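The structure under discussion appears below in the form of structure tokens.
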Amino acid sequence: MYPYNFRLKGNAILGLSLLLFLFASCTKSTHDLSHVNEEKSTTVNNNFPDFGRMISPAEFQSKYPGEKVFKLRQDYPLTMPDDSELPDFLNIPFDEDDHWMEYINAVRDYSFEGMIEVDFVAQENKTRNWYHMPWMHWGPQGSEGFHGLAKEAEIGPYQLGEKQTQAFQTYALGFYNEFAGYTLAQMWKDGNNPDPNATQNPNGFPIGTVIFKLLFTDADESSADYLVNPMTWNAYITPTWNNGLDTGRVVKPMQLIQMDVMVRDPRADKYGTGWVFGTFCYNGKLNEGKEGAGRAENLVPVGIQFGNDPQDTTNFINPYPVTRTIINPNLTQTKINPDSTKLPPQHLGWGGRLDGPVDLNTSSCMSCHATAEFPQIAALVPKEAFIGDTNAMGQLTKLTETDAVAFREYFQNLKCATPYTETATSSDFSLQVSLALGYFTEWKDENVAGHWVNEYERIPTPMHRDGSLKIESTQKE
Ligand code: HEC
């Protein structure tokens, strides 16, 4: 049996199999089988769980006929893809006012190619290979079984706009292209002993890595008018965020609200980071008859970020609820879409740096992601990002501790594949990598009913990205 990606890999594997076939037919020896096995080993062959939380198989069959259950794409490639497979947009200047939008739209198109027609089921994409992160099933925020959405963060009141008086939640699923998949193979090829060094210098995600993530919310049109004509997926979620605890899950339709991308682009090296981040906001007002997964095309670019603009200390927040997007003209490493006819009002991040609708307005994409390390010793958000003046609605209007060392450091530029904390191992800006390694470690400790000395030398911080209370991170079910 050939692995199912035989069809996708096209000529390379076809050629290889023909060769093996010829070789096998000439020699007719008993070694033939081992050669076929060698071909199999071009991908990692683990059996990580597909998801963590789901209704029973019987209930699924009776109540949701015709729906699919999520399958983790985990046959990570052991060989680096050829340079000819590098995405074409690596030629578009991402840092020029006239071209950044072309770049980010090309990243979106690259991510959607072959995906929309198969409703984002990675295994069915006939255009290119995309993989998922293992171990996202673990713990109270573990992924659910309809679409593999992992519980992410709370959306505070008014974060999406003035009609949104209650809090909501975000659930998300990430996709990793073939270049990124190679790094995941290096990390997870021995499923019982993942190698955190796969994402640290001299390793790290290779040039050409593209990661995209779809974010869904239980908020709907009644809280944010741009969620009209939604792209909805069923998901098995907690009724409310409840500090990230896993309380009595229910099946609910979730609306696509945001898409995040990150690209390992060599031209970003000169900004001291090596990565380009981009985000999109859903706007169903632009729907014009699109249906199903085709509605993902309603995602409008918010902006792009390739550095933290450490030189700019404009102490500014756009407080919730926002009525318009405010662009900070002093930023040189963030670009924001000025077209308010298409882009719903955005709060953005601290000082107007890039952040999406469900992200915190005192952080930014790159500052949070630069902390990704194993163990996750650094906080995702420094405490100073929660200290400041508030308005009558209780929303932060201005931070007061922005001169603190930890806050300043949070907006420096960090080179890819470099740890944020000296004693940790870099997860190369991937917070799913650091989460997955952390979850795996928890599971292993529980299973062997023991600990390792380095767990006492390098102590992780609970991952809470919104300043909420500590998440109880031990699975007891
Ligand atoms: C305060 C922290 C924080 C901010 C700000 C943030 N993220 Fe993330 N991001 C996370 C965490 C935690 C994860 C891993 C869990 C998950 O996937 O939800 C993640 C996951 C991702 C992933 C999946 C890839 C991976 O392995 O990490 C992408 C892509 C991504 N974020 C892009 C962005 C972009 C683009 C922005 C800005 C618009 C952004 N993020 C803002 C915390 C943050």
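Nothing here was measured: the structure is a model prediction, and the numbers come from that model. Numbering of ligands and ligand atoms starts at 1, following listing order.
No hydrogens or angles considered: a donor-acceptor pair under 3.5 Å links the side chains of Gln432 and Tyr176. A donor atom on one side chain and an acceptor atom on the other are not found under 3.5 Å apart for Glu162 and Tyr320.
Distances from atom 31 (N) of ligand 1 to the heavy atoms of His369, Gln432, Met366 show the closest one on His369. Counting only non-hydrogen atoms, the option in Ala172, Ser434, Cys365 that gets closest to atom 41 (C) of ligand 1 is Cys365.
Note on ring orientation: taking the six-membered ring where Trp is involved, the planes of Trp233 and Phe120 are perpendicular (angle over 60°, cut-offs 30° and 60°).
Residue contact check: Val261 has heavy atoms under 4.0 Å from atoms 35 (C) of ligand 1. Against a heavy-atom cut-off of under 4.0 Å, Gly356 is close to the following atoms of ligand 1: 38 (C). Using a 4.0 Å cut-off to heavy atoms of Thr279, the atoms of ligand 1 that qualify are 38 (C). Interface of Asp359 with ligand 1, defined as ligand atoms under 4.0 Å from a residue heavy atom, comprises 6 (C), 37 (C), 38 (C), 41 (C). For ligand 1, the atoms sitting less than 4.0 Å from at least one non-hydrogen atom of Val381 are 1 (C), numbered in the order shown with element in parentheses. Shown in contact with Leu435 at under 4.0 Å from a heavy atom are these atoms of ligand 1, numbered in order with element: 14 (C), 15 (C). Near Ser363, meaning under 4.0 Å from one of its heavy atoms, ligand 1 places the atoms 1 (C), 5 (C). Taking a cut-off of under 4.0 Å to the non-hydrogen atoms of Ser430, the atoms of ligand 1 that pass are 25 (C), 26 (O), 27 (O).
If you look at Ala372 next to ligand 1, there are no close heavy atoms at all, none under 4.0 Å. With a 4.0 Å heavy-atom cut-off, ligand 1 is reached by the side chain of Glu152 but not by its N, CA, C or O. No part of Met133 comes within 4.0 Å of ligand 1, judged by heavy-atom distances. Of the heavy atoms in Phe205, none comes closer than 4.0 Å to ligand 1.
Ala150 does not count as a contact of ligand 1, since none of its heavy atoms falls under 4.0 Å from the ligand. Not close to ligand 1: Gly174, with no non-hydrogen atom less than 4.0 angstrom away. Taking 4.0 Å as the cut-off, Phe212 does not count as a neighbour of ligand 1 on heavy-atom distance. At least one heavy atom of Ser364 sits closer than 4.0 Å to an atom of ligand 1.
Applying the ring pair (Phe, Tyr, Trp, His ring centres under 6.0 Å) test between Phe306 and each of Tyr271, Tyr103, Phe429 identifies Tyr271 as the sole match.
Annotation: cation-pi geometry satisfied between Arg353 and Phe411 (NZ/CZ under 6.0 angstrom from ring centroid, within 45° of ring axis). Annotation: cation-pi geometry satisfied between Arg128 and Tyr110 (NZ/CZ under 6.0 angstrom from ring centroid, within 45° of ring axis). Both the sub-6.0 Å distance and the 45° axial angle are not jointly satisfied by Lys415 relative to the ring of Trp275.
Legend: residues meeting side-chain hydrogen bond (donor to acceptor under 3.5 Å, both in side chains) with Ser340, ordered by chain and number and at least two apart, are absent. For Tyr158, there are no side-chain hydrogen bond (donor to acceptor under 3.5 Å, both in side chains) partners two or more places apart in sequence or in a different chain.
At least one side-chain heavy atom of Val322 sits less than 4.5 Å from a side-chain heavy atom of Pro345.
The nearest N, O or S atom of Cys368 is not closer to atom 8 (Fe) of ligand 1 than 2.8 Å.
A salt bridge is defined here as a Lys NZ or Arg NE, NH1 or NH2 lying under 4.0 Å from an Asp or Glu carboxylate O, and Asp225 with Lys285 meets this definition. Salt bridge absent: Arg108 and Glu113 never bring a charged side-chain N and a carboxylate O closer than 4.0 Å.
Under the 3.5 Å distance criterion, the side-chain polar atoms of Ser430 are left unmatched by any main-chain donor or acceptor of Ala372.
Ligand 1 has no nitrogen or oxygen under 3.5 angstrom from a nitrogen or oxygen of Gln258. Residue Lys213 places at least one N or O, backbone or side chain, under 3.5 Å from an N or O of ligand 1.
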